[in-house]
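Okay, structure first, notes after.
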2 protein chains.
Amino acid sequence: MTKRDIPGIVIGRLPIYLRAIQRMAQEGQRVTSSKELGERLGVSAAQIRKDLSQFGEFGKQGTGYNIKYLSEQLRRILNLDVVWDMAIVGAGDVGNALAHYQGFRDRGFQATMIFDNDSGKIGKKIGNLIVQDISEMSKAIQQASIKVAMVATPANHAQEVTDQLVEAGVKAILNYAPIQISVPEGVRVEYIDPATHLQKMSYYLK
Amino acid sequence: MTKRDIPGIVIGRLPIYLRAIQRMAQEGQRVTSSKELGERLGVSAAQIRKDLSQFGEFGKQGTGYNIKYLSEQLRRILNLDVVWDMAIVGAGDVGNALAHYQGFRDRGFQATMIFDNDSGKIGKKIGNLIVQDISEMSKAIQQASIKVAMVATPANHAQEVTDQLVEAGVKAILNYAPIQISVPEGVRVEYIDPATHLQKMSYYLK
DNA sequence: TAGATTGTTAATCGATTAACAATC
DNA sequence: TAGATTGTTAATCGATTAACAATC
């Protein structure tokens with residue numbers, strides 16, 4: 001099943017919009033406009049209206065967008081009306097920080113498993129997870145029907161770990177290893193690599 | 001001073017190219033082509049040639065690009081022929097992982113300071129850094145002429161911390177707090193928020 | 001009603017790709 | 001020489017913005 005053809009760049013902005021309006025909601029605000037939201041995010045009002053119009057009509061002329069309603073709609077569109085269980089692969093510093101991170105739950109995700117291949121770490125507790133042997137990973141992920149994983153291994157293990165995850169049925173991978181990984185059609189990968197962000201900024205630095 | 005007008009989207013791809021060819025170099029490869037690099041990264045060969053041609057002529061017809069030479073050139077373009085000192089703000093799980101992260105050094109950066117406002121953390125050692133009181137931050141950053149910082153505080157402190165960093169002369173901020181921050185002209189900000197990446201993927205998840 | 005703001009269309013702008021002469 | 005691949009131009013494609021009728 002392929003989604004109706006909405007550009008990936010639009011999909012990528014929806015979580016940004018959602019984050020901003022959820023913050024507005026927290027601050028007690030009830031209504032916003034494409035103008036206000038755009039100013040807060042540094043994007044044009046027209047772009048916000050255009051993006052949202054791909055999915056329906058969520059605003060009212062003259063008044064703008066009801067924050068609670070728009071927030072519900074965005075969460076529905078992004079499939080965030082459920083909480084997705086996640087596996088973490090790698091129990092080093094990054095895996096550790098991810099296991100402790102409190103910010104996922106409110107935003108539709110929770111880490112429920114963490115794996116490593118280091119016998120010194122297996123069985124240890126990190127947050128409320130117990131580090132499992134990576135040799136158990138495939139079985140555990142299949143049994144729990146896990147669809148989302150975060151890879152926090154060294155670069156040289158990222159591809160083999162990815163292959164195992166895909167084999168076990170994972171469909172979305174957030175890769176912290178500083179290397180491009182390849183996956184079959186139908187599996188999504190996003191990358192987090194602080195050094196590439198820093199390097200992009202250092203271009204402007206002198 | 002403004003750089004000659006090269007699109008930010010091009011600058012953003014250079015670190016990706018650099019990462020890939022440095023890996024090729026590690027694997028002992030001497031030469032590559034826009035075709036090979038493109039296939040590895042999932043971008044078109046034409047795009048790679050076009051991007052690189054913004055900065056000079058780095059290849060040879062018939063043979064391609066010398067990896068060592070291209071790598072040097074990219075590092076020069078990105079101002080990575082020096083190591084940039086960085087400050088970390090926030091000594092929670094994220095700050096801790098950043099302080100321990102071994103991957104920066106090879107890529108042009110090193111964390112040399114970490115700050116927190118929790119008296120229970122101040123004075124403690126994280127990796128080879130000692131957590132300093134955030135009230136000392138401005139002075140310390142100015143004295144060391146630090147230009148790059150990573151913000152790893154809760155969202156509600158990110159803006160005030162940013163203001164202090166900018167005031168102290170920081171020009172590039174990597175923000176891990178899940179909130180948009182505003183900075184004056186001439187200061188760059190990049191964002192890392194795992195939840196937005198996950199939410200982008202979950203759109204495609206059912 | 002008057003003012004504000006939406007959703008949408010058409011115009012503009014910018015980025016990507018295809019094609020190819022040059023040349024190693 | 002023949003084959004490969006660059007750097008660059010022109011064509012295509014896609015994304016953003018401006019403008020405005022509709023309407024709350």
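Computed from coordinates, the A:Phe55 CZ to C:dG7 P distance equals 13 Å when rounded to whole Å. Here D:dG14 presents its C1' atom at 11 Å from CG of A:Asp5, a figure rounded to the nearest Å. Rounded to an integer number of Å, the gap from B:Phe58 CZ to D:dG7 P is 8 Å. If you take CD1 of B:Ile11 and C1' of C:dA15, they are 14 Å apart, rounded to a whole angstrom. When the C1' atom of D:dT8 is taken as reference, atom CG of B:Leu52 falls 13 Å away, rounded to whole Å. Rounded to an integer number of Å, the gap from CD1 of A:Ile67 to P of C:dT6 is 12 Å. In this entry the distance linking CG of A:Leu70 with P of C:dT5 reads 16 Å, nearest Å. The CD atom of A:Gln54 sits 14 Å away from the P atom of D:dG14 (whole-angstrom rounding).
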Pairing string of DNA chain D (Watson-Crick or G-U wobble, both atom distances under 3.5 Å; | = paired to other strand) is ..||||||||||||||||||||||

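Every salt bridge (Lys or Arg N to Asp or Glu O under 4.0 Å) that B:Arg40 has, sequence neighbours left out, goes to B:Glu27. With sequence neighbours left out, B:Glu167 forms a salt bridge (Lys or Arg N to Asp or Glu O under 4.0 Å) with no residue at all.
Exactly one residue among B:Leu129, B:Leu98, B:Val89 makes a side-chain contact (heavy atoms from CB on, under 4.5 Å) with B:Ile114. That residue is B:Leu129.
Under the 3.5 Å distance criterion, the side-chain polar atoms of A:Asn66 are left unmatched by any main-chain donor or acceptor of A:Val31. At distances below 3.5 Å, at least one donor-acceptor pair connects side-chain atoms of B:Ser44 with backbone N or O atoms of B:Gln47. Between the side chain of B:Ser202 and the main chain of B:Leu205, no donor-acceptor pair closer than 3.5 Å is present.
Comparing C:dT6, D:dA15, C:dT16 by their closest approach to the side chain of A:Pro7 singles out D:dA15.
Distances shown here put a side-chain N or O of B:Tyr65 below 4.0 Å from the OP1 or OP2 atom of D:dG7.
Listed by first and then second residue, the salt bridge (Lys or Arg N to Asp or Glu O under 4.0 Å) pairs that reach into residues 183-193 of chain A are A:Glu190-B:Lys200, A:Asp193-B:Arg19, A:Asp193-B:Arg107, sequence neighbours excluded. A salt bridge (Lys or Arg N to Asp or Glu O under 4.0 Å) check over residues 70-98 of chain A, counting only residues at least two apart or in different chains, returns the pairs A:Lys68-A:Glu72.
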Strictly under 4.0 angstrom, non-hydrogen atoms only: write out the protein contact profile of nucleotides 17-24 of chain D, one letter per nucleotide from the 5' end, B, S or -. BBB--BBB

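Between A:Tyr204 and B:Gly8, the shortest heavy-atom contact is OH-CA, 3.8 Å.
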